[in-house]
Asker: 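There's a structure below that I have some questions on.
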Amino acid sequence: MKGMQLSVIIVNYNVKHFLEQCLYSVQAAIDGMTGETSRRQAAIIVVDNNSLDGSIEYLKPKFPSVRFIENKENLGFAKACNQGLALATGKYILFLNPDTILPEDCFQKCISFFEAHKDAGALGIKMLDGSGRFLKESKRSFPSPMTSLYKLIGLSKLFPRSKLFSKYHLGHLGESESNEVDVLAGAFMMVKKEVLDKIGSFDETFFMYGEDVDLSYRIQKAGFKNYYFAGSSIIHFKGESTRKGTMNYVRMFYNAMSIFVRKHYGGSKAGLFIFLIHTAIWLRAALTATGNFIRKAGLPLIDAGLILLSFWLIKNFWNEYVRTDIQYVNKLLWIAFPAYTVFYLITAYYAGLYDRWYKRSELIRSSLIATIVLLAAYALLPEQYRFSRAIIFFGALLAFALISLFRWVLIRTRVLSSNKEKEKHLNTIITGSPSEYEETLNLLKEAGLDKRVLGRVAVNKDDAMALGNWENLSPLSLSIPFWEVLYCQGTLTFLQIIFAIQQLPIGIVAKIHAAGSSSIVGSDSKDTSGEAVSKENGYKLSDPYNRRLKRLIDASTSFLAIITFPIHLFFVQKPVAFLSNCFSVLLARKTWVGYAMTEKNLPPLHSAVLACNGIPLSVQQQLSVESLHMMNYWYARDYEPSIDFKLLWKMYRRLGG
C-alpha cells in the first residue's frame, strides 16, 4: 500500500492472552499517530509459530484488520520475523514482542525522533517490567570478551553505574535520557525499511536469541546509528531473565552468542571469546541443572534424605541417652524408617508441598497428618514390631525443622518461590468506572478469582462511590490491605496506566485489562514469568490438587487391575487390550477418562480410554463436534474425582475398547 508509514510485525508462540492485550494497545497507538487516516498509515502482521493454545482461532475474530500468518511448525523468531517483513510495506518496520503493552503516543513519538535524527537507522525504547521497574536490556553494548567477563563474574552487579564494569547494560547512561547505543532489544526494535533493504533482515541462522544483536551490529556497520529512546515507555511483561531458569534458554542463548562471535570477530579475539562463552555455558548449565533437579525431581529425594536422617539421629540419641537398656533390631529399622519416609512423602505430595509455590502451612499439615497416622498405625502393630513412639514423634519434629530450614535456604537463593508473595495477590482492587468494574469482576468470577477483590477505585475525581481515586493509591494502601491493582483500560488510557504502574508503592503489583478483551495479564517483575487470567483459569481440572487426584486414580486403578488381571479375564471384553490400556495409563501415556477429541483451549490431558461421556475412544461418537466440545468443556470446568470413578465402574466391561 502506497503511503504506508508503519508496519508492525509480531511473532506469537502460545501467548494468546498477552498478544490480545498487546494488539489492543498497538491499535490504540496506531490511532494516536498524526493524521485522521492513521489506521491506513499502519498495518499489523502477526506470524504464529504453530501455537498449541488456539491463538489463531481465539484472536482472528477479535482483530479482523490484523493479517495473520499461520506456520505449521515453529520456525524460530528470526525466520518468522522475515516472513512478516516480506509482506511489510511501511516506511518504518517495528519488530515487537507479543508480551508488551504500548502507550497511545508511542508510535508518534518514535517516528518524530527518527525525523529529528536523520542518522538513525534503528530505535529501541525504554522498557519496564510488570511492576513498573526499568529493564536493563533496553540498552546494551556489543558483547566483547571483557564486557562479557565482567558480567559473568558479577562485577557489573557490584558496580552498576560503572562505565567499565557495567558496560554490557551501559549502566553509566541514564535510563531517562535518549542515547546512541550498540544493541537494541528484539522485544521492541523499530528500523527504517530502507536500512533493512540495504543490509538485509534477521539472520535465520539464529533460531532464537542473538538475532537482535546481529542486526544491531550490521546496522552500525552500514553507517547508521542505533538509538535508545527514553521519550516513551512500554511494558514488557517477560523480561530477559524470565527464561534463564531453563536449560533450553542456556543452550540457545550461548549458542547464539557463539554464532555471533564466529560471524563478526576473528583470530585470537574470537578464540578467547568462544572460550569464555563455553565456560559460561558450563557454569550456567551446572547451576540451571542443579536448580531444575531440586525443583522437579530432587526436592522429594532431598526431603526423603532429611527425614531418614532425622529418624536415625533421634534413634541414636534415644538409644544413647534415654533408653540405654533397649537395643533395636537393625532389620526392623531398615524396614520401618524407609516405610515411614515414603508415607511422609506421599502425604506431602497430596498436601501440595511440591507445587510451584512453597507454603509453610502445607509442610505443617502434611507433617501433622503423617505423624498422627503413623502413631495410630503404630498402636495397631504387634508388640514385636514396635520400638518407640518417642522416636516417631521427635523424629517427625526434627524432620519438620530440617525441611523448613532447607526450604528457607532455597527461597533465599531463589531456587523456590515462596507462597507469601502469591498470597499477597489475594487482595485486589479494580481501577475503573462502575461498568468496567462489573465487566472485570464477571471475568474474574469466570476464572474463580472474584473473592480476592476488595472493591473499586475511581478513575473520575467526582466519583464518590469508590474506595478511593486511582491517582492516590499510596495513601490508600496505608488503610486498605491490597497487594494488587487491576487497571481497566477504557476510561483510563494505556499511557495513564503505564505511568501509574511506575508510581505504585514497592510490593504492590499490577495487571491490565484492555477494553473489549477477554483476559487480564500481568507479571510481578522481570524475574517471574507473566500470568494471564481468563475464564480458562476457572477450570477445576487446572487445579493442581485435582490433577494429582486424577493421576492417583489412574495409577492406583491400573496397578490394581494389573495385579488382579486373571480375575478380569472373565468379565472384561477384549482382555488383552484392557491389559495394554492398564500399562499405558500406569505409565502416564493415557488416562482412563478424558476428552472425546483433541482440545487446544482446555487443560491438557493424555489420550483417553473413555471419553467423558463414557464412550470408548475406539468407538465413533454420534454427537456433533459442537456437542463434543461442550461436553469436554463441562468435564474440565466441573471436574470431580467421583466422575472418573462412576464412569470406570459403569464402563468396566468395556475398558479394553
Side-chain angles (χ1 to χ4, degrees), residues 1-12 18-47 59 62-68 81 84-85 87-128 138 178 184-197 224 226-236 489-500 512 514-517:
M1 181 186 293
K2 291 185 178 180
M4 184 72 72
Q5 195 170 20
L6 175 68
S7 294
V8 182
I9 300 170
I10 305 172
V11 177
N12 175 62
F18 282 93
L19 179 54
E20 178 185 19
Q21 303 296 318
C22 175
L23 289 174
Y24 276 112
S25 73
V26 170
Q27 288 185 341
I30 289 174
D31 290 341
M33 292 168 64
T34 304
E36 296 179 0
T37 59
S38 58
R39 282 287 175 108
R40 296 197 298 272
Q41 294 179 355
I44 306 171
I45 302 168
V46 171
V47 184
L59 295 169
K62 290 175 175 284
F63 301 98
S65 63
V66 174
R67 182 163 186 177
F68 290 90
C81 281
L85 182 61
L87 303 174
T89 58
K91 180 180 178 182
Y92 301 98
I93 307 296
L94 172 64
F95 299 104
L96 182 68
N97 268 26
D99 54 348
T100 53
I101 299 288
L102 315 184
E104 286 79 0
D105 62 355
C106 178
F107 294 157
Q108 181 180 339
K109 284 187 173 181
C110 289
I111 291 172
S112 296
F113 186 88
F114 268 115
E115 292 173 348
H117 296 77
K118 301 299 182 183
D119 57 351
L123 174 150
I125 202 166
K126 182 179 180 180
M127 297 191 299
L128 311 169
S138 301
S178 300
L184 304 177
F188 183 106
M189 194 172 188
M190 189 177 286
V191 191
K192 286 180 178 176
K193 181 69 159 54
E194 63 181 271
V195 172
L196 293 172
D197 291 339
F224 301 96
N226 297 317
Y227 280 95
Y228 161 71
F229 178 54
S232 184
S233 302
I234 71 167
I235 299 289
H236 182 206
Q489 181 272 333
T491 306
L492 291 180
T493 64
F494 286 111
L495 177 63
Q496 290 173 312
I497 292 172
I498 292 172
F499 176 78
I512 298 174
S517 69

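Start at 1 with the first residue, then count along the sequence. These numbers come from a predicted model, not from an experiment.
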Asker: For residues Ile30 and Ile44, determine if any side-chain heavy atom of one lies less than 4.5 Å from a side-chain heavy atom of the other.
Answerer: yes
Asker: Mind checking the SG-CG spacing from Cys110 to Leu6? Nearest 0.5 Å is all I need.
Answerer: 9.0 Å
Asker: For a quick test of reading the model, state the closest non-hydrogen atom pair linking Met127 to Ala185 and the distance between them.
Answerer: CE-CB, 3.7 Å
Asker: Can you check whether Val191 reaches Leu184 side chain to side chain, under 4.5 Å on heavy atoms?
Answerer: no
Asker: Is the shortest heavy-atom distance from the side chain of Ser178 to the side chain of Tyr227 under 4.5 Å?
Answerer: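 Heavy-atom side-chain distance check fails, nothing below 4.5 Å.
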Asker: If you measure from OH on Tyr24 to CD1 on Ile512, what distance do you get to the nearest 0.5 Å?
Answerer: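 If I round to the nearest 0.5 Å, the distance is 14.5 Å.
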Asker: Specify the closest pair of heavy atoms between Gly90 and Ile93, including all atoms of both residues, with the distance to one decimal.
Answerer: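 That closest heavy-atom pairing would be O-CD1, 3.8 Å.
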Asker: Which atom names give the shortest non-hydrogen contact between Ser232 and Ile125, and what distance separates them?
Answerer: O-CG1, 3.3 Å
Asker: Is there a side-chain contact between Ile234 and Pro103, using heavy atoms and a 4.5 Å cut-off?
Answerer: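 Answer yes - side chains close enough.
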Asker: Minimum heavy-atom separation for Ser65 and Gln27, please, with both atom names.
Answerer: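 Smallest interatomic distance, heavy atoms only, reads OG-NE2, 3.6 Å.
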Asker: What distance do Cys22 atom SG and Ile235 atom CD1 have between them, rounded to the nearest 0.5 Å?
Answerer: 12.0 Å
Asker: Is any side-chain heavy atom of Tyr92 less than 4.5 Å from a side-chain heavy atom of Lys193?
Answerer: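 Contact flag for Tyr92/Lys193 side chains = no.
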Asker: So, taking the atom named CE in Met4 and the one named CD in Gln41, what distance separates them when rounded to the nearest 0.5 Å?
Answerer: 9.0 Å
Asker: What pair of heavy atoms forms the shortest contact from Gln5 to Met33, and how long is it?
Answerer: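 Gln5 and Met33 have their closest heavy atoms at OE1-CE, 3.4 Å.
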Asker: Taking Gln496 for its side chain and Thr493 for its backbone only, find out whether a donor-acceptor pair lies under 3.5 Å.
Answerer: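 Looks like yes, one N/O pair under 3.5 Å.
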Asker: Would Phe229 and Met190 count as a side chain to side chain contact (heavy atoms under 4.5 Å, CB included) here? Give the steps.
Answerer: CA-CA 11 Å; Phe229 178 54; Met190 189 177 286; over 6 Å; no
Asker: Please tell me if the side chains of Phe107 and Val8 come closer than 4.5 Å, counting only heavy atoms from C-beta onward.
Answerer: yes
Asker: Looking at every non-hydrogen atom in both residues, tell me the closest pair between Lys126 and Ser138 and how far apart they are.
Answerer: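 Smallest heavy-atom distance, with atoms named: C-OG, 4.1 Å.
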Asker: Please round to the nearest 0.5 Å and tell me the distance separating atom OG1 of Thr89 and atom CD1 of Ile45.
Answerer: 7.5 Å
Asker: Answer whether the closest heavy-atom distance between the side chains of Phe188 and His236 falls below 4.5 Å.
Answerer: no
Asker: Walk me through it: do Ser25 and Gln489 pass the test side chain to side chain contact (heavy atoms under 4.5 Å, CB included)?
Answerer: CA-CA 9 Å; Ser25 73; Gln489 181 272 333; over 6 Å; no
Asker: Heavy atoms, side chains only, cut-off 4.5 Å: are Asp31 and Glu104 in contact?
Answerer: no
Asker: What distance separates Leu23 CG from Ile101 CD1, expressed to the nearest 0.5 Å?
Answerer: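 It comes to 9.5 Å.
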Asker: Name the residue from Thr100, Ile10, Asp99 that meets the side chain to side chain contact (heavy atoms under 4.5 Å, CB included) definition with Leu19.
Answerer: Ile10
